[in-house]
Amino acid sequence: SRSPTPMKLRDAPSACPSLWRCLPCPPAELRLDLVLSSGQSFRWWESSPGAWTGVLGGRVWTLRQDGDRLWYTVYGEEDEHEEEQQGGCPAKAAKLDAAETDRILRDYFQLDVGLSALYRAWGAADPLFRKVANDFPGVRVLRQDPVECLFSFICTSNNHISRITAMIERLCQAFGRRLCCLDSRPFHAFPSLSALTGADAEARLRALGFGYRAKFVSGSARAIAEGLGTEGLCQLRTEPYAEARRVLCALPGVGAKVADCVCLLSLDKAEAVPVDTHVWHIAQQRYGVALGGKSLTPRAYQEIGDFFRGLWGPRAGWAQAV
DNA sequence: CAGGTC
DNA sequence: ACTGG
């Protein structure tokens, strides 16, 4: 009998303790709710109060914070057979997996970067930061997959969060590998580069409501596939900020703002300061950056980034995320 | 008009 | 220009 038992979402460790693990992580270092709902990633969903379910590294996870601990559970794939689930997973495999999942999570949240020390430094340099920081502790920059980050942020231009989230959900359903079903809801991986290079990709994206961004997504996928490749894109992590930015801005649908988002959120460029309309207004109103144009010109964009880098230092992008 | 880009 | 809160 091969009928796969439908998997259920796991809200909390109490329900099924053996399937949960935890990492030490005080709230001053990470506030899950703030980070996962702030528009850095569009793939996390508050599945029940305090529990966040989403896809990371080709697996489905539920995360939860309790005091000084970050709890997590990872769901098996559909193809994994029942015998593994009940008789207790093969101990050896489970142990190896635990070290690996710990590592994935620590890397994704960049837990080796001490956030409280950074908050102190930014606050010492900037009274306005201090005020905001009080209400928003534990906001850190995720280290996302470059392909997911790039194509997600191509979708953000001249758009709003609720629609961006819905578009990316449809993108994954249509082009991404199906991972598993939780409470009858299917979860899909973010599409690989090659999934987006098909001849009909643009038309399919238009049908999914991507509008003019359909051409940007398919065009950038093609350009990367025929150029640096997924590996080359990932290798931008070891290149200087200016070089990564230059390469990204050559892609269709990628201008200064999207390039900075990709640099900051997936390519380890902590000095990248994405300047959206919101940041632009704050720079003028709260920080008195004198650039009284009617629109955010390339010149003004550069000036605002330089201003915040001068104020906050080499991790200005992290401070801006707060 | 929205976390811009061509 | 796409699309929708």
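Hydrogens, waters and symmetry mates play no part in the numbers below; they use all other heavy atoms, side chains included. Fair warning: this is a prediction, and the values are worked out from it, not measured in the lab. Just so it is clear: chains get the letters A, B, ... in the order the sequence lines come, proteins before strands, and each one is counted from 1.
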Counting only heavy atoms and a strict 4.0 angstrom limit, can you tell me which residues of [range] come near DNA chain B?
range: residues 249-260 of chain A; value: A:L251, A:P252, A:G253, A:V254, A:G255, A:A256, A:K257, A:V258
range: residues 308-322 of chain A; value: none
range: residues 140-159 of chain A; value: A:T156, A:S157, A:N158, A:N159

message: Just to verify, what does A:R204 make a side chain to side chain donor-acceptor pair (under 3.5 Å) with, not counting sequence neighbours?
response: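 By the side chain to side chain donor-acceptor pair (under 3.5 Å) rule, A:R204 matches no residue at all.
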query: With sequence neighbours excluded, what pairs up with A:W61 under the side chain to side chain donor-acceptor pair (under 3.5 Å) test?
result: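 If we apply the side chain to side chain donor-acceptor pair (under 3.5 Å) test to A:W61, skipping adjacent residues, there are no hits.
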Nucleotide range of DNA chain B lying under 4.0 Å from chain A heavy atoms: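 On DNA chain B, the outermost contacted nucleotides are B:dA2 to B:dC6.
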task: Would you please enumerate the stems DNA chain C participates in, each stem being three or more consecutive Watson-Crick or G-U wobble pairs with both distances under 3.5 Å?
output: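 Nothing qualifies as a stem here.
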task: Return each pair, listed once, that meets ring pair (Phe, Tyr, Trp, His ring centres under 6.0 Å) where at least one residue sits in residues 247-272 of chain A; pairs must be two or more places apart or across chains.
output: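 Listed by first then second residue: nothing to list.
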field: Donor + acceptor pair across side chains of A:R59, A:Y75 (<3.5 Å)
entry: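 No - no donor-acceptor pair under 3.5 Å links their side chains.
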- request: Go through residues 196-214 of chain A and report each residue with a non-hydrogen atom lying under 4.0 Å from DNA chain C, sorted by number.
  value: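 Per residue number, the list reads A:R206, A:G209, A:G211, A:Y212, A:R213.
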- prompt: With side chains defined as the heavy atoms from C-beta onward, is the minimum distance between A:P146 and A:L236 less than 4.5 Å?
  reply: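 Contact flag for A:P146/A:L236 side chains = no.
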- request: Check whether any side-chain heavy atom of A:F190 lies under 4.5 Å from a side-chain heavy atom of A:D145, and answer yes or no.
  value: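 Side-chain contact under 4.5 Å: no.
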field: Residue pairs fulfilling side chain to side chain donor-acceptor pair (under 3.5 Å) with at least one residue in residues 255-274 of chain A, sequence neighbours excluded
entry: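 Qualifying pairs: A:R143-A:D268, A:Y241-A:D260, A:R245-A:D260, A:D260-A:Y301.
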task: List in chain and number order the residues that pass side-chain contact (heavy atoms from CB on, under 4.5 Å) with A:I161, two or more places apart in sequence or in another chain; answer none if no residue qualifies.
output: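 Partners of A:I161 under the side-chain contact (heavy atoms from CB on, under 4.5 Å) test: A:F42, A:T165.
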field: Residues that A:F307 engages under side-chain contact (heavy atoms from CB on, under 4.5 Å), provided they are two or more places apart
entry: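 A:F307 satisfies side-chain contact (heavy atoms from CB on, under 4.5 Å) with A:Y287, A:V289, A:L311 only.
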query: Which whole-number value in Å describes the distance from A:H160 NE2 to C:dT3 C1'?
result: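 For the pair A:H160 NE2 and C:dT3 C1', the rounded distance is 7 Å.
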A:R64 NZ/CZ over A:W20 ring centroid, <6.0 Å and within 45° of normal: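 Verdict for A:W20: no cation-pi partner in A:R64.
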field: Over 12 non-hydrogen atoms of neighbours within 6.0 angstrom of CZ in A:R286
entry: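 No, CZ of A:R286 has 12 or fewer neighbouring heavy atoms, counting only those of other groups under 6.0 Å.
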- prompt: How would you label the contact of A:I161 with the nucleic acid (heavy atoms, under 4.0 Å): base, sugar-phosphate, or nothing?
  reply: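 Counting heavy atoms under 4.0 Å across all strands, the contact made by A:I161 includes a base.
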- request: May I ask you to say what A:S38 touches in the nucleic acid, namely base, sugar-phosphate or nothing, with a heavy-atom cut-off under 4.0 Å?
  value: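 Base, at least one base heavy atom under 4.0 Å.
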